[in-house]
Amino acid sequence: MQTSFSSAQLADPKVAEAESILRKCVHCGFCTATCPTYVTLGNELDSPRGRIYLIKDMLENDRPADKETVTHIDRCLSCLSCVTTCPSGVDYMHLVDHARVHIEKTYKRPPLNRFTRAVLAAVLPYPGRFRAALRLARLGRPFAGLFSGREALKPFEAMLKLAPKRLPAPSAISKPASHAPETDKRGRVALLTGCAQSVLDPCINEATVRLLTRLGIEVVVPKGEGCCGALVHHMGREEQALAEARRNVDVWTREIEAGGLDAVIITASGCGTTIKDYGHMLAQDPAYAEKAARVSALAKDITEYLSTLALDEQPRKGVTVAYHSACSMQHGQQIKAAPKLLLEAAGFAVREPAEGHLCCGSAGTYNIMQPEISAKLKARKVKNIEALKPDIIATGNIGCITQIASGTKTPILHTVELLDWAYGGPKPAKLAGSGY
Ligand code: SF4
Ligand code: SF4
């Protein structure tokens, strides 16, 4: 694609990067067929190619974002299916990240939209606040319908509907600690316990620590870790995202220097995509560029790391698992085979749903901010999964777990919970009462 940025514009490294991404797009449109919003809405402006044109026009003319551009960029899930599909290697992820920062700086959103976004940014990344908000939301659940009348109030309806009916008790696993290996030590890792996940489903990190320590890995939960920054990063809140990234880089750098780390383990693939990008996000910060790149190189999804540990084959269990690959897993991190191979080796019969490349509609805060598109994608995903008639659904991202669980009665677990069970851990509580 031809571009016409001035040399003054290109002096800004972020604009120069956006320009080089734009130039790679050859308008072929292959990406439209695999874009969930194009597939759902059928509008070229809700396709990757359409959004690329909107971003080009906005950046090239150095103009504030307008309503039309914001509408179509807001509808983008950042699922990165287009990145997997694109034959020209267009780095849509960094282009849309840049566009979102530009929108945040130049566009004045309607007051209720601004308020909702501010509340999400102030609550979700902080487990204490998030837990308190979920308690309140449980009380408000019966009144969710009152918010359905006005477009601007629909995110509040979505928030109330998504709030779980029962909230697990806080788990000791989120507290800073070093968990010693139960057998000869063969590695040392840091575990990101996460923000929303640690509140919604602490069993995931508990299973991770049990499994790794049984396999001879020391697991450190370092003091001072926090949200990876993905939630606010996708809202274009650059400073908050970078502050969260710097804090985590400092924490893990201290651990690297104190005892050495073989990996930083992440059990939510949405967080993994962002942490693997810290090196890029902080590349212009001389005090952090090197440290951030080192952390990104150590970041591993739990299934990526387990694949290096050569786990034994387990006998068949007669349990069919539908594996849902989160977008951040298959597109963001390009991890496709590892989770399925691990589940198969652990004795599960693994099936993959049709249209596995399409997002379930969760996408960070998307199911709150864009509830209608999200609901359509959820229904499509659940239909494809249920067609397999699985006993269990497995996935590697808490956002997908929450989203899909709200549309099906089939139990949905994190892949590592099934692996922990298969390799000597307790049966997951969600499967209590099942005959397996
Ligand atoms: S990130 Fe996903 S929703 Fe956004 S343009 Fe690409 S395929 Fe479409
Ligand atoms: S597939 Fe790639 S090159 Fe083709 S239109 Fe989409 S982003 Fe551009």
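In listed order, ligands and their atoms are each counted from 1. Values in this document were obtained by computation on a predicted structure and should not be read as measured data.
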[X] and [Y]: side-chain donor and acceptor closer than 3.5 Å?
X	Y	value
Gln334	Thr84	yes
Thr408	Glu386	yes
Thr69	Asp66	yes

Considering non-hydrogen atoms of the protein only, which is the closest contact for [atom], and what is the distance?
atom	result
atom 4 (Fe) of ligand 1	Cys76 SG, 2.4 Å
atom 2 (Fe) of ligand 1	Cys79 SG, 2.3 Å
atom 8 (Fe) of ligand 1	Cys35 SG, 2.3 Å
atom 6 (Fe) of ligand 1	Cys82 SG, 2.3 Å

Residues forming a ring pair (Phe, Tyr, Trp, His ring centres under 6.0 Å) with Tyr53, sequence neighbours excluded: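 Testing Tyr53 for ring pair (Phe, Tyr, Trp, His ring centres under 6.0 Å), a comparison that skips the adjacent residues, returns His27.
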
Residues in ring pair (Phe, Tyr, Trp, His ring centres under 6.0 Å) contact with His280, at least two apart in sequence or another chain: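 Only His94 meet the ring pair (Phe, Tyr, Trp, His ring centres under 6.0 Å) criterion with His280.
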
Numbering the atoms of ligand 1 from 1, which are under 4.0 Å from a heavy atom of [X]?
X	value
Leu80	1 (S), 2 (Fe)
Leu77	3 (S), 4 (Fe)
Arg51	3 (S), 4 (Fe), 5 (S), 8 (Fe)

Does [X] approach ligand 1 within less than 4.0 angstrom via side chain, backbone, both or neither, non-hydrogen atoms only?
X	answer
Arg75	neither
Cys327	neither
Tyr38	neither

Test salt bridge (charged side-chain N to carboxylate O under 4.0 Å, His left out) applied to Asp62 - qualifying residues, sequence neighbours left out: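 Asp62: no salt bridge (charged side-chain N to carboxylate O under 4.0 Å, His left out) contacts found.
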
[atom1]/[X]: more than 12 non-hydrogen atoms of other groups inside 6.0 Å:
X	atom1	answer
Lys376	NZ	no
Lys24	NZ	no
Glu290	CD	no

Heavy-atom gap Pro87 to ligand 2 smaller than 4.0 Å: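 The answer is yes, since Pro87 has a heavy atom less than 4.0 Å from ligand 2.
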
Protein N/O/S atoms closer than 2.8 Å to atom 8 (Fe) of ligand 2: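 Within the sphere that stays under 2.8 Å of atom 8 (Fe) of ligand 2, the protein atoms of type N, O or S are Cys25 SG.
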
Asp391/Lys317 salt bridge by N-O under 4.0 Å criterion: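 No salt bridge links Lys317 with Asp391.
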
Charged N-O contact under 4.0 Å between Arg23 and Glu19: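 A salt bridge links Arg23 with Glu19.
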
